[in-house]
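Numbering starts at 1 and runs along the sequence shown.
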Amino acid sequence: MKKIDYAVIGGGASGLILANALAKQLKNQGKSARIVLFERLDRVGKKLSATGNGQGNITNLEALETEYFTFSKKQPLIQKILSAFGPQSLREYFLSLGVPLCADERGRVYPASRQASALTDALRFAIGEQGVELCLGAKVTRLQKSGEEFQITMETQSGAQVYAAKKVALCTGGKAAKNFGTDGSAYSLAQAFGHTVTPLYPSLVQLKTDTAYTKSLKGIRVAGGKLTAYTPTGSHTFQGDIIFTDYGISGDAVFRASAYLADQIESGKVRVSIDFLPEISGEEIVGILKNKQSAFPTLEKNELLFGVVNNQVGRAIFKRANGDMQKAAQLVKDFSLQVTGSLGFDYAQVTKGGIRLDEVTDGLESRLVDGLYFAGEGLDVDGPCGGFNLQWAYSSARAVAAEMAKDGGQV
């Protein structure tokens, strides 16, 4: 059994940030400690390197606690952590690692190089400089506590190995995107200590809808459309790209909407409405159609929307309207679709739900077992699309590092 001081399980964004921050804080305190980061894949930061379509959308200027979801009714805890380690803190942190960050017109923040891999490289170099040890290809299968020590059992290519650590941070992610090593199996490590995991839902994901009116629209992109999501608890509107697919809809606006719909789709009472022309009123569209009908009296009705919306969209609208001009104009502004599901965890970017916040302290330490901490997506906190979830990974990791460093290491 190998003895260490701190174990960080999970080499994603939260694990890398936590390990680096912890090592640096201990060093600043004049203390030394052996910190090992365990990652089940053959390299760290694989999901981080793919974020933002490879451009690295790491945070958002609007990353306030009101933008985050939790089933645990612990919004004040999220507020406290974001207040301590918010977007400005994150920008200063990465600048200290040599990576300046820049915001776009929507508040999304990226590396100046627009390379997500730059974020991973900076964190990888940083933990190396701080002396953090990496244990790659190590899938932790069991975590238990004996006396004052945690025993960590893992599978590696060379067989099972066991480490003993004084403190452990679980940064194992959620259930989304298992190709990045997050298949949900790591929740069992926390559950073994009695922790509760809320129901889990795929979020930031493509939506399945009724396709009766959209079969001819596969591949068509609606740029800058407005998507309103209706659920039993209210409605939310998003503007951005909407892409029709063979199963339903995708695109930026859809991903953002899915964060609000994820846990309510199963009710069977969720629908979305597409406004193809947010800048033009329904009355104006009716006037355009009437004028066009007068100007082109021999034109078939299903062609009247040419030049107004995509031709295929126009034909689909008139078909759904049964040729009624007034109804067609209404459908341009309110093209309603029943949501029947999503593409699931394999395609989702984020997990909605996780380890309950009322089972952790303000420093994200377990209330059930001393010395066990949680950071990142594994907790019951998720945000919308646009850098919010990586901001939580950073904020929670910094909060845990500060807590773990208390009375830690050897003088």
Side-chain angles (χ1 to χ4, degrees), residues 69 176 199-278 280 282 285-286 289 301-306 308-352 384-385:
F69 311 102
L200 304 174
Y201 304 92
S203 184
L204 309 192
V205 66
Q206 303 93 329
L207 295 176
K208 294 180 179 179
T209 67
D210 172 19
T211 59
Y213 305 112
T214 61
K215 291 178 181 178
S216 63
L217 303 181
K218 180 182 177 181
I220 291 174
R221 178 191 299 268
V222 181
K226 187 178 288 185
L227 184 77
T228 301
Y230 296 93
T231 73
T233 59
S235 64
H236 299 273
T237 299
F238 310 87
Q239 192 158 356
D241 286 356
I242 303 164
I243 304 169
F244 289 100
T245 67
D246 55 354
Y247 54 79
I249 50 176
S250 182
D252 173 62
V254 175
F255 276 88
R256 289 156 61 201
S258 71
Y260 291 85
L261 303 178
D263 58 319
Q264 300 186 66
I265 293 176
E266 293 175 359
S267 71
K269 298 178 180 179
V270 174
R271 67 181 179 89
V272 294
S273 173
I274 299 170
D275 181 349
F276 291 97
L277 295 173
I280 303 177
I285 294 170
V286 170
L289 294 180
K301 278 191 174 182
N302 66 354
E303 299 294 340
L304 284 175
L305 280 169
F306 83 85
V308 180
V309 295
N310 175 281
N311 289 350
Q312 282 292 96
V313 170
R315 295 183 190 111
I317 285 174
F318 262 101
K319 183 177 180 180
R320 185 172 180 178
N322 292 318
D324 185 288
M325 190 183 303
Q326 193 78 31
K327 179 64 175 176
Q330 292 173 0
L331 286 170
V332 171
K333 302 295 292 179
D334 181 13
F335 195 85
S336 183
L337 299 169
Q338 183 74 24
V339 177
T340 59
S342 76
L343 288 198
F345 284 107
D346 286 355
Y347 293 87
Q349 296 178 25
V350 172
T351 305
K352 186 180 221 35
C385 191

Closest contact, heavy atoms only, [X] versus [Y]:
{"X": "L261", "Y": "A229", "value": "CD2-CB, 3.5 Å"}
{"X": "Q239", "Y": "K226", "value": "OE1-CE, 3.9 Å"}
{"X": "A259", "Y": "P384", "value": "CB-CA, 4.1 Å"}
{"X": "I242", "Y": "A253", "value": "CG1-CB, 4.0 Å"}
{"X": "F255", "Y": "C385", "value": "CB-SG, 4.4 Å"}
{"X": "F276", "Y": "V309", "value": "CB-CG1, 4.1 Å"}

[X] side-chain N/O to [Y] backbone N/O, donor-acceptor pair under 3.5 Å:
{"X": "T351", "Y": "A176", "value": "yes"}
{"X": "T211", "Y": "T214", "value": "no"}
{"X": "Q312", "Y": "S216", "value": "yes"}
{"X": "S235", "Y": "Y230", "value": "no"}
{"X": "Q349", "Y": "V205", "value": "no"}
{"X": "K301", "Y": "G323", "value": "yes"}
{"X": "K333", "Y": "I280", "value": "yes"}

Enclosure of E303 CD (heavy-atom neighbours >12, cutoff 6.0 Å): yes

Is it true that T228 and T237 share a donor-acceptor pair across their side chains at a distance under 3.5 Å?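 The answer is yes; a qualifying pair exists.
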
So how far is it from [X] [atom1] to [Y] [atom2], rounded to the nearest 0.5 Å?
{"X": "T231", "Y": "Q264", "atom1": "OG1", "atom2": "CD", "result": "3.5 Å"}
{"X": "L207", "Y": "L337", "atom1": "CG", "atom2": "CG", "result": "10.0 Å"}
{"X": "S258", "Y": "I265", "atom1": "OG", "atom2": "CD1", "result": "7.5 Å"}
{"X": "Q330", "Y": "M325", "atom1": "CD", "atom2": "CE", "result": "13.0 Å"}
{"X": "R271", "Y": "T340", "atom1": "CZ", "atom2": "OG1", "result": "15.0 Å"}
{"X": "L277", "Y": "L305", "atom1": "CG", "atom2": "CG", "result": "8.5 Å"}

Under the side chain to side chain donor-acceptor pair (under 3.5 Å) rule, what do Q206 and T245 come out as? Steps first, then yes or no, please. CA-CA 9 Å; Q206 303 93 329; T245 67; over 6 Å; no

L227 pairs by side chain to side chain contact (heavy atoms under 4.5 Å, CB included) with which of V272, D275, D252? V272

Parallel, tilted or perpendicular: which describes the rings of F335 and F244, with under 30° parallel and over 60° perpendicular?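 Perpendicular: the ring planes of F335 and F244 meet at over 60°.
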
Report yes or no: is the cationic atom of R320 (NZ for Lys, CZ for Arg) closer than 6.0 Å to the six-membered ring centre of Y213, at no more than 45° off its axis?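 Yes, R320 lies over the aromatic ring of Y213.
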
Side-chain contact, heavy-atom cut-off 4.5 Å: L217 with V313? yes

Can the ring centres of Y260 and F69 be said to be less than 6.0 Å apart? yes

Show your working on side-chain contact (heavy atoms from CB on, under 4.5 Å) between V286 and Q326 and close with a plain yes or no. CA-CA 6 Å; V286 170; Q326 193 78 31; 3.8 Å; yes

